[in-house]
Protein chains: 2
Amino acid sequence: MHPCQTCPLRRHDLFMPFSAEELSFMMKFRSGEVRLAPGEVLFHEGDESAYFYTALEGQGVRVKHLLNGERQVVNLIFPGDVVGLQASLAGGASSTAIASSPMVLCRFEKRRLHELYCSSPDRAYALTWIAAVEEHFLGETIATLGQRDATQRVAWALLKIYNRLSAVGLAQEAGDVPLPLRQRDLADAMGLSLVHTNKTLARLRPLARWENGRLWISDAEALAEIAMTDCALPPDRPLL
Amino acid sequence: MHPCQTCPLRRHDLFMPFSAEELSFMMKFRSGEVRLAPGEVLFHEGDESAYFYTALEGQGVRVKHLLNGERQVVNLIFPGDVVGLQASLAGGASSTAIASSPMVLCRFEKRRLHELYCSSPDRAYALTWIAAVEEHFLGETIATLGQRDATQRVAWALLKIYNRLSAVGLAQEAGDVPLPLRQRDLADAMGLSLVHTNKTLARLRPLARWENGRLWISDAEALAEIAMTDCALPPDRPLL
DNA sequence: CGCGGGTTTGATCCCAGTCAAGTCCCGTGG
DNA sequence: CCACGGGACTTGACTGGGATCAAACCCGCG
């Protein structure tokens with residue numbers, strides 16, 4: 001019994017793809033469990049994988065490599081996330097999945113996906129829903145990379161990460177969440193240099209501290225103010 | 001009979017979500033046709049739309065608005081694209097869809113989506129597939145915004161646009177494709193200022209020209225060289 | 001003819017990338 | 001036990017790509 005089946009999973013803030021009920025249903029389709037040590041690779045970009053996964057424990061990153069050797073972290077992998085579904089469907093993984101901390105994942109066979117679509121339309125619908133949520137998030141990331149400066153990007157990322165992790169019950173009493181990544185990972189995710197990311201984190205220190213693999217948010221309001229999350233309505237449109 | 005039903009639709013370069021056969025099947029589920037004039041809005045971000053669409057003719061953009069008034073163009077809308085599926089599923093549109101040229105779209109009811117999932121698993125599978133492809137593309141966009149400089153971004157965008165449009169048969173004899181957008185749109189898509197986008201386009205003029213709403217590519221190879229599309233394999237991994 | 005939206009070009013400034021040290025910490029081996 | 005080395009983090013100095021400001025220019029249109 002994994003923590004993710006016992007902790008109160010909710011579709012919180014569009015961040016929790018699977019409910020506990022859904023997860024347990026999916027368990028019938030599981031084809032094994034995968035355990036990764038930090039730095040181990042789940043799949044490489046370009047791989048035509050026969051599997052996709054849901055993350056149960058630990059954290060990782062999905063990265064794309066460019067010809068010049070640069071890395072872009074496309075997304076972080078947290079407990080509850082579905083990983084590699086895109087790769088299974090769209091003919092080859094578009095990114096490499098790497099564990100940042102020890103991970104446990106549940107493995108499913110792409111082959112049986114079609115079976116799932118036939119036998120359980122509701123679950124199939126849920127899978128499409130998950131893809132849609134992912135798409136929503138990637139859109140937000142694009143807006144962040146395209147329009148916000150370094151301070152806003154980092155504030156946005158820290159808030160997103162904190163909310164996502166506390167939504168799956170990983171927040172401790174003291175209000176801190178585990179975040180076993182390197183600053184290099186955050187830098188590559190936000191399209192900033194390592195050095196500048198570091199300096200930005202230093203400036204935000206009064207509002208949020210990230211040390212020893214744990215993240216504290218002391219002033220979420222101020223962070224949100226800085227991050228300037230997108231407005232739901234276009235400026236010229238009357239507010240209701 | 002719309003051009004998109006007659007022209008040879010293929011799943012080309014991951015860019016053509018619907019085959020002609022699939023499209024005609026979906027036609028049974030259509031609930032009407034939408035025509036938009038340039039500048040008209042299909043849906044606003046935040047809207048809880050009861051519909052989603054496939055684009056048949058014309059082009060448009062999907063934009064996110066930020067609190068400071070900035071715009072981010074998340075994606076372009078071309079004939080064959082599915083629009084608003086994400087909005088239908090993930091509870092509210094994450095972006096605003098606006099027509100750049102006169103558009104014709106086919107409208108579907110979100111309500112009947114579930115029906116589709118029950119009656120035709122294959123089509124349901126195709127829908128998830130479409131979402132996965134979209135996710136793939138957004139990931140590439142993230143890598144572009146995060147890691148590439150202005151010249152690379154513009155070269156990448158022009159190539160993508162050209163390939164996408166010629167894949168749906170919109171290329172003329174002379175090799176030009178229609179691109180009725182403003183430079184402002186490309187700038188907002190690539191996270192660059194309008195001024196700098198313009199200067200970059202000027203520098204790329206020998207390789208690609210974009211005038212009067214039409215785009216010519218004269219040296220695709222050189223453009224690809226500049227764009228440095230992502231490598232399928234991570235650098236440290238043996239090639240096979 | 002004048003107006004407004006889109007495009008072009010030049011001049012200036014600043015955010016963030018790059019280079020280069022230096023610190024802290026932990027694991028390894030003499 | 002301490003010396004050494006390597007990896008992550010920190011900090012300062014310098015530079016440059018792209019943002020910003022400003023002013024034309026080029027249409028189509030009322």
Side-chain angles (χ1 to χ4, degrees), chain A residues 37-39 59 61 66 68-73 98 100-101 144-158 178-206 208-215 226 228 236, chain B residues 37-39 59 61 66 68-73 98-101 144-158 179-206 208-215 226 228 236:
Chain A
Q59 300 177 20
V61 293
L66 305 185
N68 56 13
E70 301 285 340
R71 268 169 27 122
Q72 172 69 37
V73 171
I98 310 179
S100 295
S101 66
T144 299
L145 295 188
Q147 305 300 334
R148 296 197 245 258
D149 67 20
T151 314
Q152 295 173 314
R153 292 187 206 185
V154 172
W156 177 82
L158 294 181
L179 188 62
L181 309 178
R182 323 269 136 235
Q183 292 188 356
R184 158 105 268 141
D185 296 319
L186 182 61
D188 287 342
M190 294 294 97
L192 299 168
S193 71
L194 169 59
V195 172
H196 200 64
T197 302
N198 179 308
K199 288 171 180 170
T200 305
L201 281 169
R203 260 183 290 113
L204 291 176
R205 202 94 58 187
R209 26 187 62 250
W210 175 23
E211 291 156 354
N212 304 319
R214 308 200 65 85
L215 171 67
I226 292 173
M228 282 219 297
D236 53 338
Chain B
Q59 300 178 20
V61 292
L66 305 185
N68 55 13
E70 300 286 339
R71 266 168 31 120
Q72 172 69 36
V73 171
I98 310 180
S100 294
S101 66
T144 298
L145 295 188
Q147 304 300 335
R148 297 197 244 258
D149 67 21
T151 313
Q152 294 173 315
R153 292 187 205 185
V154 172
W156 177 82
L158 293 181
L179 188 62
L181 307 178
R182 322 268 136 241
Q183 292 188 357
R184 158 105 270 142
D185 296 317
L186 181 61
D188 287 342
M190 294 294 97
L192 299 168
S193 72
L194 169 60
V195 172
H196 201 246
T197 302
N198 180 319
K199 288 172 179 170
T200 306
L201 281 169
R203 258 183 291 116
L204 290 177
R205 196 103 4 144
R209 25 188 61 250
W210 175 24
E211 291 157 355
N212 305 318
R214 308 200 66 84
L215 171 67
I226 292 174
M228 281 219 297
D236 51 338

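Reminder, nothing fancy here: chain letters follow the sequence lines and each chain counts from 1.
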What is the distance, rounded to the nearest whole Å, between atom [atom1] of [X] and atom [atom2] of [N]?
{"X": "B:Met190", "N": "D:dA19", "atom1": "CE", "atom2": "C1'", "value": "17 Å"}
{"X": "B:Glu211", "N": "D:dC26", "atom1": "CD", "atom2": "P", "value": "14 Å"}
{"X": "A:Asp149", "N": "D:dG17", "atom1": "CG", "atom2": "C1'", "value": "16 Å"}
{"X": "B:Asn198", "N": "D:dG17", "atom1": "CG", "atom2": "P", "value": "18 Å"}
{"X": "A:His196", "N": "D:dG12", "atom1": "NE2", "atom2": "C1'", "value": "14 Å"}
{"X": "A:Arg214", "N": "D:dA8", "atom1": "CZ", "atom2": "P", "value": "20 Å"}
{"X": "A:Arg203", "N": "D:dG12", "atom1": "CZ", "atom2": "P", "value": "13 Å"}
{"X": "A:Leu179", "N": "D:dA8", "atom1": "CG", "atom2": "P", "value": "15 Å"}

To the nearest 0.5 Å, what is the distance between [atom1] ([X]) and [atom2] ([Y])?
{"X": "B:Thr200", "Y": "B:Arg153", "atom1": "OG1", "atom2": "CZ", "result": "10.0 Å"}
{"X": "A:Trp210", "Y": "A:Leu179", "atom1": "CH2", "atom2": "CG", "result": "5.0 Å"}
{"X": "B:Lys199", "Y": "B:Leu194", "atom1": "NZ", "atom2": "CG", "result": "10.5 Å"}

Going by the rule salt bridge (Lys or Arg N to Asp or Glu O under 4.0 Å), which residues pair with [X] if we only count those two or more places apart in sequence or in a different chain?
{"X": "B:Arg209", "answer": "B:Glu211"}
{"X": "A:Arg182", "answer": "none"}
{"X": "B:Arg205", "answer": "none"}

Report task. Indicate yes or no for a side-chain donor-acceptor contact from B:Gln72 to the backbone of B:Ala189 under 3.5 Å, with no hydrogens or angles considered. Result ->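 Side chain of B:Gln72 to backbone of B:Ala189: a pair is present.
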Query raised in the report: Mind checking which nucleotides bracket the chain B contacts on DNA chain C, 5' to 3', with an atom under 4.0 Å from a heavy atom?
Result: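 Under 4.0 Å from chain B, the extent on DNA chain C is C:dG6 to C:dA11.
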Query raised in the report: Residues two or more places apart in sequence or in another chain: which of them pass side chain to side chain donor-acceptor pair (under 3.5 Å) with B:Thr151?
Result: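 Counting only residues at least two positions away or on another chain, B:Thr151 forms a side chain to side chain donor-acceptor pair (under 3.5 Å) with B:Arg203.
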Report task. Please assess A:Leu201 against A:Gln183 for the test side chain to side chain contact (heavy atoms under 4.5 Å, CB included), listing each intermediate value before the final yes or no. Result -> CA-CA 9 Å; A:Leu201 281 169; A:Gln183 292 188 356; 3.9 Å; yes
Could you tell me whether [X] contacts a base, only the sugar-phosphate backbone, or nothing, with contacts defined as non-hydrogen atoms closer than 4.0 Å?
{"X": "B:Arg153", "value": "nothing"}
{"X": "B:Leu192", "value": "sugar-phosphate"}
{"X": "A:Gly191", "value": "sugar-phosphate"}

Nucleotide N/O of nucleotides 21-23 of chain D paired with protein N/O under 3.5 Å:
none

